[in-house]
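Some notes on the structure that comes next.
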Protein chains: 2
Amino acid sequence: MDNKYLTIYRDFAERIESGQLRVRTKLPSEHELTQLYGASRETVRKALNLLAENGYIQKVKGRGSFVLGVNRFEFPVSGLVSFKELAARIGKESRTRLVSLETVAPNRELADLLHIRANQPVWEVVRTRTIGGETIILDKDYLRRDLVPKLTKAICEDSIYEYLERTLDQSISFAKKVITVEEPTPEDQDLLEMKGYPMIVVVQNHVYLEDATLFQYTESRHRPDKFRFVDFARRHQ
Amino acid sequence: MDNKYLTIYRDFAERIESGQLRVRTKLPSEHELTQLYGASRETVRKALNLLAENGYIQKVKGRGSFVLGVNRFEFPVSGLVSFKELAARIGKESRTRLVSLETVAPNRELADLLHIRANQPVWEVVRTRTIGGETIILDKDYLRRDLVPKLTKAICEDSIYEYLERTLDQSISFAKKVITVEEPTPEDQDLLEMKGYPMIVVVQNHVYLEDATLFQYTESRHRPDKFRFVDFARRHQ
DNA sequence: AACCGAAACCTGTATAGACAAGATAAGAGT
DNA sequence: ACTCTTATCTTGTCTATACAGGTTTCGGTT
């Protein structure tokens, strides 16, 4: 109904992901798409540019748009998707276990990361993720209490993102990820099946709302042998 | 001169990166920008959307565009930038050393990765990167020989990307990155100052040209303590 | 059959205008 | 002083049109 260009975008994204449109297939020309969807050319182009930016198609001047095979068969840890969305895509049996859920006073470092005062309480959520029978991810979330009044065991074991967007109507807008490798802490050793691996992959996530306020800081700690990050990037200019 | 919207984009990107435009500053409205640059509103919007997509600004409906402070003070390993471009940005003393440069017949795995036949020769370039006095990155590049006829020591120690774009006029269009963590090989131990670290971060890079042909496969092997990957992602929809 | 050039088709950039909807500021009335 | 309404400013979506510059096609010439 609303958002014509997103409709076109989702239409093709779905058809490409499902394999209905095969790799190297030529999409209809922009002119043909305007007639197919009853939209103007600029609207069609907006959809096509989104598809190109996300790695679905490649646009070639004078020739047309072609389906890329880059993104399929990969689960994108890139971008902004919650663990639940991710697990659903790869189709593997996965489970989230809540380790602890409490409100704490942030230490210096954390207060600095969240841009809040040291007396402002925050939620601390510690969860482990089990995939394929092995507990390999430790997630530590810190959320601003003033923005998230209520948080329960059930919500944490389902999806915090979903709760935020559905119930609280807080829209997540963008995030900054930082990936580093560190030595595992005793906590890592305790909660994860480290199997003697001497290092751990740390994905720090700074999550922002639409008004650009930072409201969540997440540390996702992965056992190195099971870690895999996929990124698609275009060279602009 | 050409590309009005890129001019506007670069103008603001530069001003934000240099700190001339401070965080939380409100940009002129789209209407004001049309008059400032003598451009139409759609052209201005194209520039602003690019800025938003790359993490420079946040657009808020009904209010305006505001400078974000997310991307500054970070060197983006994300996106598509060559090591030379990267080293220039962080300003640290860095050096590239060529270990070997030869044409080889690809093994099964490599031929598969590059989508070529096993009898088609490829360039194998092995280089080490030294930053701040420590040799911490091992780069192994494989390029299709039919697309890159000549390759010399001087080119490899400068920047292969620059050579491709300037001399051969081959435009790099997009890339797929995969980050994993592995055990170091004897070659890693031999060429890098591993300092006893038992793991190595492997960044696999599949680089494509504008006609979507895969022409380069790169494996960048980083000592774990010096590895850092930064990513900015927007949640669309 | 091979070559060349013009037409037709395709995407890239840019413009001007229209309406919707969110946010703010000003003003009227209480 | 306070509240509610209204006007104004702002961004989001969409349309129609124009020209530039690549790519392909096709027909005529050699």
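It should be emphasised that the depicted structure is a prediction, and the values quoted were computed from it without experimental measurement. Throughout, a chain's letter reflects where its sequence line sits, starting with A, and its residues are numbered from 1.
For the pair B:Lys176 and A:Asp231, the salt-bridge criterion is not met [side-chain N within less than 4.0 Å of a carboxylate O].
B:Asp11 meets the side-chain contact (heavy atoms from CB on, under 4.5 Å) test with B:Arg15, B:Tyr37; sequence neighbours excluded. Partners of A:Lys59 under the side-chain contact (heavy atoms from CB on, under 4.5 Å) rule, at least two apart in sequence or in another chain, are A:Glu30, A:Arg45, A:Leu48, A:Asn49, A:Ala52, A:Ile57, A:Ser65. By the side-chain hydrogen bond (donor to acceptor under 3.5 Å, both in side chains) test, A:Glu157 pairs with no residue at all, sequence neighbours left out. Scanning for side-chain hydrogen bond (donor to acceptor under 3.5 Å, both in side chains) contacts around B:Ser29 gives B:Glu32, with sequence neighbours left out. Remark: B:Asp146 engages B:Gln120, B:Arg144 in a side-chain contact (heavy atoms from CB on, under 4.5 Å) (not counting sequence neighbours). Residues passing the side-chain hydrogen bond (donor to acceptor under 3.5 Å, both in side chains) test with B:Glu219, sequence neighbours excluded: B:Tyr217, B:Arg221.
Proximity of B:Lys4 to the phosphate of C:dT15: a side-chain N or O atom is located under 4.0 Å from OP1 or OP2. For C:dA14, the OP1/OP2 oxygens have no side-chain nitrogen or oxygen of B:Lys46 closer than 4.0 Å. Phosphate proximity of D:dT13 to A:Thr43: absent, as no side-chain N or O sits under 4.0 Å from OP1 or OP2. An OP1 or OP2 oxygen of C:dA14 is reached within less than 4.0 angstrom by no side-chain nitrogen or oxygen of B:Tyr5. The side chain of B:Arg45 contributes an N or O atom lying less than 4.0 Å from OP1 or OP2 of D:dG12. Within the 4.0 Å cut-off from OP1 or OP2 of D:dT13, at least one side-chain nitrogen or oxygen of A:Asn3 is found.
A 4.5 Å side-chain heavy-atom check between B:Val122 and B:Glu124 finds every atom pair outside the cut-off.
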Please table the atom pairs, donor to acceptor, closer than 3.5 Å between any side-chain atom in residues 101-111 of chain B and protein atoms at least two apart or in another chain.
residue: B:Asn107; atom: OD1; partner: B:Glu109; partner atom: N; Å: 3.4
residue: B:Asn107; atom: OD1; partner: B:Leu110; partner atom: N; Å: 2.8

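Look at NZ on B:Lys59: it is 14 Å from C1' on C:dG22, rounded to the nearest Å. A straight line from CD of B:Glu210 to C1' of D:dT23 spans 14 Å, rounded to a whole angstrom. Between A:Ile8 atom CD1 and D:dT13 atom P the separation is 13 Å, expressed in whole Å. Between A:Ile57 atom CD1 and C:dC10 atom C1' the separation is 14 Å, expressed in whole Å. Spacing between atom CD of B:Glu42 and atom P of D:dT10 amounts to 17 Å, rounded to whole angstrom units. The separation between B:Arg41 atom CZ and D:dG12 atom C1' is 7 Å, rounded to whole Å.
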Between the protein and nucleotides 20-22 of chain D, list the N/O to N/O atom pairs that are separated by less than 3.5 angstrom.
residue: D:dG22; atom: N2; partner: A:Gly62; partner atom: O; Å: 3.4

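Of the residues in residues 25-35 of chain A, none lies under 4.0 Å from DNA chain D by heavy-atom distance.
The side chain of B:Ser65 has D:dT11 as its nearest neighbour among D:dT11, C:dA14, C:dT15.
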